[in-house]
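As structure tokens, the structure follows; a few thoughts come after it.
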Amino acid sequence: MLVSLNWLKDFVELPKNVDGKSLAHDLTLKTAEVDNVIDEGKIYEKMVVGHVLELHKHPHADKFKIAKVSIGKETVQIVCGGENLKEGMYVAVSLPGAKVKWHGEGEYVTLEETKIRGEKSYGMICAGNEIGIEDMRAHGEATGRARRERVPRDRSLQINRAQRDEQSGSASCETKRAYQTTSARDIMDLSSIKQAPGTPLQSLFGKNDIIFEFDNKSLTHRPDLWGHYGIAREIAAITKSKFKPISPKVKIPSTGEKIGLKIEAEDLCPRYCGLIINNIKVEESPDWLKTRLKATGHGTHNNIVDVTNYILAELGQPMHAFDKSYIKKGIVVRRAKKGEKITSLDNKERILSEEMLVIADHEKPVAIAGVMGGENSEINKNTTSIILESANFSASSVRRASTKLGLRTESVQRFEKALDPNLAELAIKRAAELILKICPKAVIAGPITDKGKFNKKPLKINLNYKTIISKIGVEISKKEIMEILKSLEFKVLQKAQGFTVEIPSFRATKDVLFEDDLIEEIARMFGYEKIPPSLPTLPTKLPMENTERFKKHRAREFMSYGLGFDEIYNYSFYGKKDFEKCLMTEKSHLKLLNSLSEEQTHLATSLIPNLLKNLESNTKYFDEIRLYEIGRTYKDTGTLILKI
Amino acid sequence: MQNLETEILGRKGKLTLILRGIKDLSDEEKRTVGQLSNKVKTSLEKEFEHKIKELENTSIEKELGKTFFDTTIPGKTRQLGHIHPLSQVQEEVERIFSQMGFAVMDGPEVESEYYNFEGLNIPKDHPARDMQDTFFIQSKEDQSHGKLVLRTHTSPAQIRTMEKYGAPLRIIVPGRVFRYEATDASHDATFYQVEGLLIDKDISLSHLKGVMAQFLTRLFGQPVKVRFRPGYFPFVEPGLEVDFSCLLCEGKGCRVCKHSGWMEFMGAGMVHENVLKAGGINPKEYQGWAFGFGLTRLVMMRYKIDDIRLLTNSDLRFIKQF
Ligand SMILES: [Zn+2]
């Protein structure tokens with residue numbers, strides 16, 4: 001998950017020049033792993049606006065021209081091959097030390113002062129794609145839903161394996177107006193904005209954000225951390241800064257048009273909030289919104305869809321918007337009928353099964369609940385009335401449907417963590433606030449329709465002081481414990497043996513349920529680094545002996561050092577061909593349901609087949625081969641062997 | 001014999017020179033001379049080969065006839081064999097922990113879903129099951145134990161050992177584990193883990209730090225520090241990622257540790273009360289920690305092996321280096 005520092009600052013008061021690296025370090029040691037810190041400004045280091053003063057032919061190469069370029073105080077000579085280069089043009093100059101992509105392809109390389117065909121060249125005049133900015137006008141904005149954009153980033157930054165495919169992002173869209181180019185290979189023309197030569201591109205493009213890339217795996221147990229709001233809350237607690245709770249300033253009318261809503265599957269939908277907004281004008285989102293979405297790896301589509309994605313990234317609550325004109329009579333939350341079909345927003349027809357939860361109108365399903373919306377009610381440029389959905393679905397139901405359909409979305413990623421039902425209400429108000437801000441003529445049609453059954457009574461846990469100290473292994477004062485818990489929005493009451501702690505709803509769905517969960521909160525915020533290493537005072541005793549294990553090690557010494565055999569390790573599998581070659585049959589073999597290759601379909605009942613293969617593969621290199629393996633074999637006994 | 005062969009058939013031999021001369025002749029001459037000389041060449045080659053074999057055989061027979069072959073004499077300067085690096089490091093790990101009073105345990109590699117998941121507080125539909133790409137075995141499904149799987153970690157042995165021996169408990173379980181995932185230089189579908197478990201009264205995170213620092217210091221033969229970070233594993237709470245100080249730069253930061261000063265090492269934490277209960281231990285009475293680290297990774301780190309597959313591809317050129 002990508003998190004923007006500028007966005008975080010909406011919710012936590014941080015010093016102006018907060019050091020991204022050290023904040024990431026603190027988060028990693030106290031909350032969750034930050035894989036990467038991407039300093040957007042760094043990407044544009046050593047890149048400035050240049051003014052082409054003179055242009056001459058290159059004496060030794062027709063393809064190149066020699067440009068005298070003013071970069072502020074100095075004028076430098078740069079050899080350039082761009083055909084559209086003209087005298088008087090304002091251009092983007094990468095100076096020696098800058099990192100660029102040649103012709104926008106491959107790895108980033110660091111520029112050096114050099115000679116091109118005998119002529120000195122101090123840097124490079126860039127095309128947009130060479131510094132990670134593509135010509136957006138040429139590509140067309142706000143069209144393809146799943147369009148991936150190139151990520152401008154330092155090549156030294158590694159992208160986590162699991163997240164690689166979820167990544168996207170791009171240069172700020174404010175840059176779009178700043179230049180015009182006709183082809184990606186042409187020099188980027190900055191003449192229209194006439195910035196003083198020497199102006200850093202970073203300030204020109206408004207690239208001043210720091211992006212944190214979280215390891216999603218380390219957020220698995222924290223439904224509250226899947227948006228900027230929750231991360232800001234943690235940062236406030238870690239840095240002892242002020243947290244700024246969100247309170248949407250929007251007037252929801254108490255009367256007016258409401259959604260007809262029926263929740264038939266209450267067990268799978270603890271809460272459903274819906275709101276009708278009329279007089280919508282669907283258009284491109286404003287730049288500030290697109291900048292934030294792109295900085296955090298989201299595509300941009302249109303103002304309404306973008307707002308729902310904005311809420312997802314901000315609060316961690318997935319939302320959906322339906323075109324109201326396609327909804328017949330009202331919303332029904334129900335289980336799918338057997339074989340029912342829906343074309344999801346990614347243009348694929350999906351066949352549903354009875355355990356899946358759908359959002360339907362009175363005729364047809366219009367969304368796979370918590371997974372993806374349907375094409376039939378998609379927001380389009382003619383949409384004028386929308387139904388906003390902000391709901392809470394059962395984590396395991398969403399997850400099962402997603403697995404069965406092979407459809408993983410950002411929405412699934414959040415619902416499957418068990419979201420706080422209270423978040424749904426906050427999110428729909430915040431979405432309404434944003435939509436009114438973006439479409440000033442839009443009108444909220446009536447009150448929020450809010451149905452469902454969920455536990456509103458706060459969870460309380462007794463916390464024993466002695467247990468805390470005994471499990472962490474270091475003295476922490478009662479006062480400090482209370483401060484830590486309060487900084488994380490737990491309500492604490494001191495008792496004779498310790499404390500009674502009231503868990504805030506956003507931590508109470510799955511994350512903090514036991515005393516030990518609270519001990520974890522105390523230990524990590526106290527600081528794992530402050531726990532001293534010590535050895536337990538346990539009675540000295542000889543451990544139980546593992547005779548078999550011991551003898552295996554002795555056997556290895558005998559085989560290798562006594563008889564000169566080499567020990568090898570084989571996989572526990574082989575294929576049908578392998579055991580048939582050894583005149584064995586399939587009988588008593590355990591077979592894999594899912595195997596990686598034809599050669600690994602059965603669990604070995606004998607080590608011989610693989611050993612024979614080893615002989616074969618080693619004869620190329622050795623005249624004499626002595627090898628052995630001490631390994632397990634597996635036999636199908638027809639029953640589950642469950643006792644050792 | 002071979003000299004004679006070279007003289008006639010060798011690269012500068014008499015017949016070879018004749019054959020090379022053919023290209024200067026007329027077309028008709030080429031055909032006749034070509035055919036004839038090829039015939040001569042083939043028959044000569046055959047004869048030479050035959051004669052050389054015959055001579056070889058007689059010499060072997062002669063040798064056999066006059067040498068007394070003593071079967072009790074061991075081969076001349078036989079080289080020592082080699083124990084696989086995984087076995088070597090595993091034994092070392094077992095020895096160090098034994099000295100600290102830990103018993104070495106085993107567990108089955110073919111496990112039930114219950115022991116591999118539910119018993120460890122990982123219910124069905126739990127997102128954590130994503131991290132555990134599992135090999136399933138064609139088998140009937142048991143009502144309470146589910147399907148048969150190849151264990152994805154050594155952790156099932158925690159519950160099995162608790163069930164069998166109760167508390168207090170001090171064990172390690174080294175063993176083979178399986179993940180259903182594509183292999184590359186740093187991932188293999190088969191690898192080795194070491195599980196550790198210490199359950200007693202008043203066992204704390206501080207003790208985990210102490211024991212691991214002792215173990216690593218002994219294993220690497222130089223002072224090693226241990227660092228905790230928050231981590232998530234459903235079977236422990238609090239859950240931890242454990243790093244150790246980089247052996248190369250001793251915490252200052254270098255290329256090997258990606259300039260962090262620390263090496264990622266293992267997952268650990270205080271045993272979750274649901275797991276203790278599953279193992280039949282009363283969490284009000286006993287507490288403790290568990291850890292699991294990659295033995296395979298340790299071996300790779302120690303010997304600077306950059307491709308995990310070398311450990312299981314049985315290439316003796318590799319094994320003979322240990
Ligand atoms: Zn280092």
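Here is how names work: the chains are called A, B, and so on, in the same order as the sequence lines, proteins then strands, and each is numbered from 1.
Within the 4.5 angstrom heavy-atom criterion, only side-chain atoms of A:Lys510, from C-beta onward, approach chain B. For B:Asp200, the part lying near chain A is the side chain, with the backbone staying farther off; criterion is any non-hydrogen pair under 4.5 Å. No part of B:Asp243 comes within reach of chain A, as not one of its non-hydrogen atoms sits under 4.5 angstrom from that chain. Within the 4.5 angstrom heavy-atom criterion, no atom of B:Phe97 approaches chain A. Of the atoms belonging to A:Thr28, heavy atoms from both backbone and side chain fall under 4.5 Å from chain B. Heavy-atom distances place no part of A:Phe550 under 4.5 Å from chain B, backbone and side chain included. The contact between B:Tyr192 and chain A is made entirely by side chain atoms (from C-beta outward), counting heavy-atom distances below 4.5 Å. Only the side chain of A:Leu603 has a heavy atom closer than 4.5 Å to any heavy atom of chain B. Contacts between B:Arg170 and chain A at a heavy-atom distance below 4.5 Å involve the side chain alone, from C-beta outward. Contact annotation for B:Glu109: both backbone and side-chain heavy atoms come within less than 4.5 Å of a heavy atom of chain A. Only the backbone of B:Phe102 comes within less than 4.5 Å of a heavy atom in chain A; its side chain stays farther off. Contacts between A:Thr31 and chain B at a heavy-atom distance below 4.5 Å involve the backbone alone (N, CA, C, O). Within the 4.5 angstrom heavy-atom criterion, no atom of B:Ile171 approaches chain A.
Screening A:Arg556, A:Arg554, A:Lys552 against B:Glu91 for a salt bridge (Lys or Arg N to Asp or Glu O under 4.0 Å) leaves a single residue, A:Arg554.
Counting only heavy atoms from C-beta outward, the side chains of A:Glu515 and B:Glu273 never approach each other to under 4.5 Å. Within the 4.5 Å cutoff, the side chain of A:Tyr634 has no heavy atoms near those of the B:Ile137 side chain. Here the side chains of B:Gln90 and A:Arg549 are in contact, with some heavy-atom distance below 4.5 Å. At least one side-chain heavy atom of B:Lys320 sits less than 4.5 Å from a side-chain heavy atom of A:Asp566.
Taken from CG in A:Leu538 to CG in B:Leu198, the straight-line distance is 6.0 Å, to the nearest 0.5 Å. Considering CZ of B:Arg229 and CG of A:Leu27, their distance stands at 13.0 Å, rounded to 0.5 Å. A distance of 13.5 Å separates CG in A:Leu596 from CZ in B:Arg179, rounded to the nearest 0.5 Å. In this structure, B:Ser206 OG and A:Lys530 NZ are separated by 14.5 Å, a value rounded to the nearest 0.5 Å.
In this structure, a donor-acceptor pair under 3.5 Å is present between the side chains of A:Ser572 and B:Arg176. At a cut-off of 3.5 Å, with distance as the only test, a side-chain donor of B:Glu94 or A:His553 sits close to an acceptor on the other residue. A:Tyr569 and B:Thr190 form no side-chain donor-acceptor contact under 3.5 Å, judged by distance and modelled atom types alone.
Between chain A and the options B:Ser204, B:Pro174, B:Ser98, heavy-atom pairs under 4.5 Å are most frequent for B:Ser204. The most heavy-atom pairs under 4.5 Å with chain A, out of B:Thr312, B:Ile319, B:Val226, come from B:Thr312.
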Checklist entry - Can you list the steps and then say if A:Asn618 with B:Ser314 is a side-chain hydrogen bond (donor to acceptor under 3.5 Å, both in side chains)? => result CA-CA 8 Å; A:Asn618 278 295; B:Ser314 309; over 6 Å; no
Checklist entry - Can you list the steps and then say if B:Phe178 with A:Tyr571 is a ring-ring contact (aromatic ring centres under 6.0 Å, His included)? => result CA-CA 10 Å; B:Phe178 307 83; A:Tyr571 291 118; 9.2 Å; no
Next on the checklist: Between B:Arg227 and A:Glu529, does the salt bridge (charged side-chain N to carboxylate O under 4.0 Å, His left out) criterion hold? Intermediate values first, please.
Outcome noted: CA-CA 7 Å; B:Arg227 174 177 92 163; A:Glu529 72 281 3; over 6 Å; no
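With respect to the salt-bridge test (charged N to carboxylate O, under 4.0 angstrom), the residues B:Glu237 and A:Lys471 do not qualify. Contact check on A:Arg632 versus B:Asp106 returns a salt bridge, with a Lys/Arg side-chain nitrogen under 4.0 Å from an Asp/Glu carboxylate oxygen.
Within the structure, ring pair (Phe, Tyr, Trp, His ring centres under 6.0 Å) pairs that include any residue of residues 510-548 of chain A comprise A:Phe514-B:His272 (at least two apart or interchain).
The two atoms that bring A:Leu29 and B:Pro230 nearest to each other are O-CD, 3.0 Å, heavy atoms only.
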